Number of protein chains: 2
Amino acid sequence: MKKGGFMKDNKPIFKPYRKKSAHNYVFEVLKEFIISGAYKPGDRLPTEIELSKTMGISRAATREGLRELEGIGLITTVQGSKGGRFVKNINSDIIVNGLDILLKTHKTSFDELIEARKAIECITAKMAATNRSQENLTAMSKVLDLRVKSKEEFYSKTFELHELVALASQNKVLFYIVQAIRRLIFQTYSEISLEENNIELVMKTHNAIFKSIKNRDPKGAEKAMLSDIEAYRKLYLDVLKKRFSDE
Amino acid sequence: MKKGGFMKDNKPIFKPYRKKSAHNYVFEVLKEFIISGAYKPGDRLPTEIELSKTMGISRAATREGLRELEGIGLITTVQGSKGGRFVKNINSDIIVNGLDILLKTHKTSFDELIEARKAIECITAKMAATNRSQENLTAMSKVLDLRVKSKEEFYSKTFELHELVALASQNKVLFYIVQAIRRLIFQTYSEISLEENNIELVMKTHNAIFKSIKNRDPKGAEKAMLSDIEAYRKLYLDVLKKRFSDE
DNA sequence: GTTTAGTTAGTGTCAGACAATTATACATTA
DNA sequence: TAATGTATAATTGTCTGACACTAACTAAAC
């Protein structure tokens with residue numbers, strides 16, 4: 001009984017015999033190697049031909065397994081000499097695609113996304129206020145203390161602050177979720193361009209967030225985060241409206 | 001300037017001519033058809049041979065594209081007569097895999113997952129208390145009012161309540177995230193078996209959640225949700241401890 | 001030096017044959 | 001009649017071997 005439960009109700013259990021398909025074997029084995037860390041991000045996998053030879057599987061089937069790995073986002077393919085299959089960095093990108101499809105097919109609105117951000121990021125802000133380390137603070141202040149050169153730079157830094165806050169919550173799950181949602185929004189609604197006065201507004205709310213987290217003030221951090229995201233929402237809608245009236 | 005920005009700095013922009021690889025073409029085209037709803041969940045795609053003929057692409061390359069689609073979780077493959085490629089239902093499963101890999105590779109602990117659940121589900125409970133509809137309530141009460149026949153049934157229903165709460169928050173993003181995290185936990189730490197007295201405990205806390213949501217009491221709902229999840233956490237650790245001392 | 005033309009090591013594509021799997025219909029048999 | 005076996009068709013799975021494409025590197029030509 002103890003090991004595996006071969007019997008049930010005094011009757012033997014017959015597990016179905018399942019010979020895995022070749023391509024699936026390639027997929028599973030390599031996936032396991034990558035997840036376990038035997039192949040690390042940046043590593044190059046053996047070539048198709050090597051793989052197929054050592055596994056005793058045709059090149060065609062091997063390629064199918066590799067494509068599946070590519071689909072779930074674990075590897076990329078590079079053509080040419082010095083090319084091959086490379087293990088990708090595993091970060092929140094691995095969810096972004098799926099989330100994108102999920103929300104697109106279920107017609108999720110911008111407002112709903114913003115509302116979700118408010119909900120989650122207010123918590124991370126609150127948690128960050130209690131859990132933040134000294135390194136977290138220095139990283140944040142480094143991002144805030146910017147002499148903005150270009151709008152692109154401003155955006156990337158703006159982005160980073162929110163992610164640093166999530167990081168400071170010391171909860172990886174929340175961190176990755178926050179990151180994924182933000183990246184999704186960025187890639188879907190990226191065409192917003194801020195005017196100068198808006199930059200100042202954003203910097204003000206960001207400073208408020210930072211200050212509260214520094215002072216270990218959860219309530220304040222939550223409040224500041226809320227008004228920052230709300231400001232972003234209004235800003236986006238304004239841009240849309242303006243663009244609409246222009247045409 | 002207005003339409004698409006063909007010029008920049010008074011110089012014409014030459015977009016690189018990119019002949020997509022054949023397998024990638026198959027992937028992109030079908031993905032688009034599925035996301036746009038041209039092929040709906042349950043639909044069968046044309047057979048490999050049909051696809052390759054109509055697209056003018058070899059069967060091997062077509063198969064690679066299909067494998068990629070399988071990787072991201074949009075289709076499944078069924079062998080045999082009446083088999084083929086079928087469009088999957090698009091639900092939170094499409095993120096679960098990626099989330100699983102992400103957290104595994106970054107060595108996320110059970111406690112961290114539970115903490116994230118507390119954070120997010122407390123909000124959904126709070127939101128549900130204000131946003132719930134009448135249908136939400138009846139669905140919940142249907143799940144709560146159970147004459148449990150088997151443990152499996154108990155588990156599936158227990159699961160459903162939390163998801164129904166998230167649904168009642170009326171925010172799809174949060175709903176899918178809650179669902180994904182719970183499914184992930186279930187598939188990774190599923191071996192917990194409850195004893196009879198624990199079932200009663202769970203039913204008590206669940207009833208408390210329901211009551212607060214029904215009475216439109218956000219604070220109460222939040223509190224009840226928190227203690228329910230905390231109870232689950234303790235329970236799991238107890239089971240682990242017991243199992244450890246048994247051996 | 002700069003351009004140009006091979007060389008090399010990978011992935012990308014193709015065609016065609018055959019194997020495996022499953023549903024269905026039909027035949028056989030106890 | 002009910003269970004079992006058989007044939008067929010439709011679809012995916014696998015294999016082989018050849019050739020094309022791509023990109024980094026190298027050597028020759030100018």
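In what follows, chains are A, B, ... by sequence order, proteins preceding strands, each numbered from 1. These figures come from a predicted structure and were not determined experimentally.
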| How many Å lie between CG on A/L51 and P on C/dA9, as a whole number? | 18 Å
| task | Spell out, as yes or no, whether a donor-acceptor pair under 3.5 Å connects the side chain of A/N24 to the backbone of A/S21. | result | no
| remark: Closest to the 5' end of DNA chain D, once A/A60 and A/K82 are matched to their nearest nucleotides, is A/A60
| said: How long is the straight-line distance from CG of A/N171 back to OH of A/Y176, given to the nearest 0.5 Å? | reply: 11.0 Å
| task | Answer yes or no: side-chain N or O of A/R44 and base N or O of C/dG10 forming a donor-acceptor pair under 3.5 Å. | result | no
| query | Is there a donor and acceptor pair, one atom on the side chain of A/R59 and one on the base of C/dG12, closer than 3.5 Å? | reply | yes
| message | If I take atom CG in residue A/L66 and atom P in nucleotide C/dG12, what distance separates them, rounded to the nearest angstrom? | response | 9 Å
| query | Would you say the side chains of A/H106 and A/T108 form a donor-acceptor pair under 3.5 Å? | reply | no
| task | Specify the separation, in whole Å, of atom CD of B/E70 and atom C1' of D/dT12. | result | 11 Å
| request: Check whether any side-chain N or O of B/K40 sits under 3.5 Å from a backbone N or O of B/G37 as a donor-acceptor pair, and report yes or no. | output: yes
| Counting side-chain heavy atoms from CB outward, which of D/dC15, C/dT11, C/dT13 is closest to B/A61? | C/dT13
| request: Let me know the distance between CZ of A/R85 and C1' of D/dT22, rounded to the nearest Å. | output: 14 Å
| query | Please give, in whole Å, the distance from C/dA23 C1' to B/Q79 CD? | reply | 13 Å
| How is A/R63 classified with respect to the nucleic acid when contacts are heavy atoms under 4.0 Å: base, sugar-phosphate, or nothing? | base
| field | Whole angstrom value for the distance that separates C1' of D/dT14 from NZ of A/K53 | value | 18 Å
| Using 30° and 60° as the class limits, which term best fits the ring planes of B/Y232 and B/F110: parallel, tilted or perpendicular? | tilted
| Earlier contact from the 5' end, DNA chain D, for A/H23 and A/G80 | A/H23
| request: Return the value, rounded to whole Å, for the distance between atom CG of B/L45 and atom C1' of D/dT11. | output: 13 Å
| message | If I take atom CD1 in residue A/I57 and atom P in nucleotide D/dG13, what distance separates them, rounded to the nearest angstrom? | response | 14 Å
| request: Report yes if at least one side-chain N or O of A/S81 is closer than 4.0 Å to OP1 or OP2 of D/dA24; otherwise report no. | output: no
